[in-house]
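Contents: one structure, followed by commentary.
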Amino acid sequence: MTLEHWTANMGNYCLSDRSEVVDEVTPAYGRLIAGAGALGVPAPLRDPDDAWQLEVLAHPHGPRVLRACILAPDGRPAVAVAVAEGGGDGARRAWRETVAASSWFIEGCDLAEFRDPPGGPWMMGALQDGLDGHPEAFDWLGAVLQYIGWAFLDSLSPITVA
């Protein structure tokens, strides 16, 4: 399976394969997502002492769609995140809300490309003003977003048809 990684602000995407992520990483990020979601409070993002945090947002998009926000050390939103295993109304709403959370777009970015999500597994990131003053975040942000995406997808039970 492949995962499409989109960045709304730049209108670009890349593909990743599950084999690109070390097996030990996804359970750790799965626990982070589950813990932050269950407690309803942001949790340290990369290690217990990390000032960067993951906030899992309550949403009506369904159990197979994740909406989250990475918070900068000062608590400002840095990246809006959505992950889904496919299409559908909930995934489409999460996709559109995440695109709308983009605080800026590069010149020439065609927002028409972001009307609807792809049909397969996807992750959308929208860079926000909380990244201002934190250029070091770009060194690790792509990998962390990939971990969050695969951890969420790995946590989903297969859909069975009765």
Kindly indicate, with the supporting measurements, whether the criterion side-chain contact (heavy atoms from CB on, under 4.5 Å) is fulfilled by Val81 and Thr98. CA-CA 7 Å; Val81 181; Thr98 305; over 6 Å; no
Is there a side-chain contact (heavy atoms from CB on, under 4.5 Å) between Leu71 and Leu45? Walk through the geometry before answering. CA-CA 9 Å; Leu71 302 174; Leu45 184 60; over 6 Å; no
Does Met124 form a side-chain contact (heavy atoms from CB on, under 4.5 Å) with Val99? I'd like the steps, not just the answer. CA-CA 8 Å; Met124 171 62 78; Val99 171; 3.7 Å; yes
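For residues 66-100, the pairs satisfying ring pair (Phe, Tyr, Trp, His ring centres under 6.0 Å) are Trp6-Trp95, Trp95-Trp122, with sequence neighbours left out. Applying the ring pair (Phe, Tyr, Trp, His ring centres under 6.0 Å) definition to pairs two or more places apart or across chains, those involving residues 14-47 are Tyr29-Tyr147.
Checking Asp17 against Ser19 by side-chain atom types alone, a donor-acceptor pair falls below 3.5 Å.
Val56 and Val25 end up in the same hydrophobic cluster when Ile, Leu, Val, Met, Phe, Trp and Tyr side chains are linked at under 4.5 Å. Linking Ile, Leu, Val, Met, Phe, Trp and Tyr residues whenever their side-chain heavy atoms come within less than 4.5 Å places Leu156 and Val83 in a single cluster. Taken together through direct or relayed side-chain contacts under 4.5 Å among Ile, Leu, Val, Met, Phe, Trp and Tyr, Val79 and Leu54 form part of one hydrophobic cluster. In this structure, Leu39 is not a member of the same hydrophobic cluster as Ile148, with clusters built from ILVMFWY side-chain heavy atoms closer than 4.5 Å. Leu32 is connected to Met123 through a chain of hydrophobic side-chain contacts under 4.5 Å among Ile, Leu, Val, Met, Phe, Trp and Tyr, so both are in one cluster.
Within a 6.0 Å radius of CZ in Phe105, other residues, nucleotides and ligands contribute more than 12 heavy atoms.
No donor-acceptor pair under 3.5 Å is formed between the side chain of Asp50 and the backbone N or O of Pro44. No side-chain donor-acceptor contact under 3.5 Å links Glu97 to the backbone of Ala94. Side-chain atoms of Arg76 come within 3.5 Å of backbone N or O of Asp129 as a donor-acceptor pair. Put simply, the side chain of Gln128 gets close to the backbone of Ala101: a donor and an acceptor are under 3.5 Å apart.
Contact check for Glu85 versus Val65: no side-chain heavy atoms found under the 4.5 Å cut-off. At least one side-chain heavy atom of Leu153 sits under 4.5 Å from a side-chain heavy atom of Leu3. Side-chain contact between Arg18 and Asp154 is present, with at least one heavy-atom pair separated by less than 4.5 Å. Taking the side chain as every heavy atom from C-beta outward, Leu127 and Met10 approach each other to under 4.5 Å. Counting heavy atoms from C-beta on, the side chains of Cys14 and Glu4 never come closer than 4.5 Å. Residues His134 and Pro73 are in side-chain contact: their nearest non-hydrogen atoms beyond the backbone lie under 4.5 Å apart. Residues Leu66 and Ile33 are in side-chain contact: their nearest non-hydrogen atoms beyond the backbone lie under 4.5 Å apart. Proximity of Thr26 to Val21: side-chain heavy atoms (C-beta onward) are separated by under 4.5 Å at one or more points.
Separating the OG atom in Ser16 from the CE atom in Met1 is a distance of 10.0 Å, to the nearest 0.5 Å. Separation of atoms NE2 (His5) and CH2 (Trp150) is listed at 7.0 Å; rounding is to 0.5 Å.
Residues Gly30 and Ala151 share a closest heavy-atom pair of N-CB, 3.5 Å. Residues Ala78 and Trp52 approach most closely at CB-CZ3, 3.8 Å, considering heavy atoms.
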